[in-house]
2 protein chains.
Amino acid sequence: MSSDKSQDTRSRILDAAWRRLESDDPRKSRMGDIAKEAGISRQALYLHFPSRTELLVATARHLDEVHKVDLRLEASRAATNGIERLDAFISAWANYVPQVYGVARAFIAMMPTDEAAAAAWKDRQRAVRQGCKAAVLALHRDDMLDPEWDTKCATDWLWAHLSVENWERLVRECDWEQEHYVDTIQRIAKQVLIRK
Amino acid sequence: MSSDKSQDTRSRILDAAWRRLESDDPRKSRMGDIAKEAGISRQALYLHFPSRTELLVATARHLDEVHKVDLRLEASRAATNGIERLDAFISAWANYVPQVYGVARAFIAMMPTDEAAAAAWKDRQRAVRQGCKAAVLALHRDDMLDPEWDTKCATDWLWAHLSVENWERLVRECDWEQEHYVDTIQRIAKQVLIRK
DNA sequence: TTTATCGCTTGACATAGTGTCAAGTTAGCG
DNA sequence: CGCTAACTTGACACTATGTCAAGCGATAAA
């Protein structure tokens, strides 16, 4: 199960999946396409992953590890005050989005039909929401949260505002520069959440 | 082509499609399900609509007519100043979203795979964006647009903020009351777009 | 040197949903 | 009576996922 060769192939599959999902035509990310990209047969894929959903979940986790998401988000927890923390969290997450975009899109596409994919994606979303909540609570502790908001709704809004779909719309469809996106979202978040 | 009976069946199909898309389990909106709901055979559907995509497009247009979207959005154009216009447009659109949600979700689900569905949905989106643009330009004419923004980016942001996905997240997933959603989005839009 | 096992291949097949095709039925109408 | 429009039934092609079975080659253990 965990021989060198098997592990090596597994990595090649995950890389191949990522490459296809990130490519020009992400519709060419069927099991056969990914297998071909990895240089193995379609059936061999199923020897490593029981389903497309599981493969995508593994690919997402793989990306998390490669890009050390934990560390990135950790940094925002180190901020000394609520505002810095908000900025740091937004910057950390918003700059990770472009790198998981391919995988995210695949999950979003599968959600309506695939129960398991929907669950996996929601789970990841929950983690982001957790970060939003922490940022909002930090603001609240500093008595910096605009009294128009309760912490629950503020978290909801921030989370929605940081969604992959929002990023997709602004950066991919409206051609915002990534940097402009991050700056603008930070500015708006502060403007909306922080007491005047 | 335009006999009474044929037109009547067509309406029944559109109603049936809408009902299924809006139902508890919208995955049960396959061609067979919709046909059954309309009380005809699956094949008869294809006598009226050449494809599922075309059926959805027709359903969306049907809803637009039934709910008189043109009139609703017209009202926002009558506002005397930019701020009123922004409020009116947001209220008009945001209160229409719940009624097209089922159809919207179906389009969103088909987008990644179906070229024609993607085009049709983007076309509808363009219309909303047009409304956003008009509202932003009205603000700009009143010299009320925050100088942080140029009109293009302000339009982009407002459009993203009013997306169906955003509504879905806040109202369906986070359990906001529709009224609370509308009020909050209006408040934020003003806070973000209007010069201090 | 034989034997077993692991990782993989090839090819056939089940399933679900869309869309096509062909032949037949039924109701209304001149 | 016979025509036509609207619809039915049933078979089929296609695509993508996922399953199953048989076989093959290299490596490692007896």
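Letters A, B, ... are given to chains in the order of the sequence lines, protein chains preceding strands, and every chain is numbered from 1. Scope of the values below: all heavy atoms of this structure, side chains included, with no hydrogens, waters or symmetry mates.
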Applied to residues 41-54 of chain A, the side-chain hydrogen bond (donor to acceptor under 3.5 Å, both in side chains) test, sequence neighbours excluded, yields Thr53(A)-Asp114(A)
Connected to Leu71(A), directly or through other members, by ILVMFWY side-chain contacts below 4.5 Å are none
Gap between atoms NZ and P, on Lys36(A) and dA16(D) respectively (whole Å): 12 Å
Distance in angstrom units between Ile34(A) CD1 and dA16(D) C1', rounded: 12 Å
Which nucleotide sits closest to the side chain of Ser6(A): dG7(C), dC8(C), dT8(D)? dG7(C)
Taking salt bridge (Lys or Arg N to Asp or Glu O under 4.0 Å) as the test, write out the residues that go with Glu37(B), two or more places apart. Arg19(B), Arg20(B)
Can you pull the salt bridge (charged side-chain N to carboxylate O under 4.0 Å, His left out) pairs that have at least one residue in residues 187-196 of chain B, sequence neighbours excluded? Glu148(A)-Arg187(B), Asp87(B)-Lys190(B), Asp143(B)-Arg195(B), Asp146(B)-Lys196(B)
dA16(D) C1' sits how many Å from Lys28(A) NZ, rounded? 14 Å
Can you pull out every salt bridge (charged side-chain N to carboxylate O under 4.0 Å, His left out) where at least one residue sits in residues 26-36 of chain A? Sequence neighbours excluded, please. Asp25(A)-Arg27(A), Asp25(A)-Lys28(A), Arg27(A)-Glu115(B), Arg30(A)-Asp33(A)
Summarise how protein sits on nucleotides 11-30 of chain C as a single string, 5' to 3': B when a protein heavy atom is under 4.0 Å from the base, S for sugar-phosphate-only contact, - for no contact. BB----SBBBB---------
Any residue meeting salt bridge (Lys or Arg N to Asp or Glu O under 4.0 Å) with Lys152(B), in chain and number order, not counting sequence neighbours: Asp156(B)
Looking at Thr9(B), I'd like to know whether one of its side-chain N or O atoms comes within less than 4.0 Å of OP1 or OP2 on dA6(D). no
By the side-chain hydrogen bond (donor to acceptor under 3.5 Å, both in side chains) test, which pairs, at least two apart or in different chains, include something from residues 93-102 of chain B? Asp64(B)-Tyr96(B), His67(B)-Gln99(B), Arg72(B)-Gln99(B), Asn95(B)-Gln178(B), Tyr101(B)-Glu168(B)
Let me test you: for the helix from dT1(C)-dA30(D) to dG30(C)-dC1(D), what is the angle between the axes at its two ends (five pairs each), rounded to 10 degrees? 30°
Round to the nearest Å and state the distance from Phe49(A) atom CZ to dG7(C) atom P. 14 Å
Whole angstrom is fine here: how far is it from CG in Leu55(A) over to C1' in dA16(D)? 15 Å
Which whole-number value in Å describes the distance from Leu56(A) CG to dT17(D) P? 10 Å
Using atom CE of Met110(A) as one end and atom P of dA16(D) as the other, report the distance to the nearest whole Å. 14 Å
Think His48(A) has a side-chain N or O under 4.0 angstrom from the OP1 or OP2 of dG7(C)? no
Identify whether the distance between the nearest side-chain nitrogen and carboxylate oxygen of Asp123(A) and Arg126(A) falls below 4.0 Å. yes
Across the strands shown, which category fits Ile40(A) at heavy-atom distances under 4.0 angstrom: base, sugar-phosphate, nothing? sugar-phosphate
Expressed as a whole number of angstroms, how long is the span from Leu47(A):CG to dA21(D):P? 14 Å
Just wondering, are more than 12 heavy atoms of other shown residues or ligands nearer than 6.0 Å to NE2 in His140(B)? no
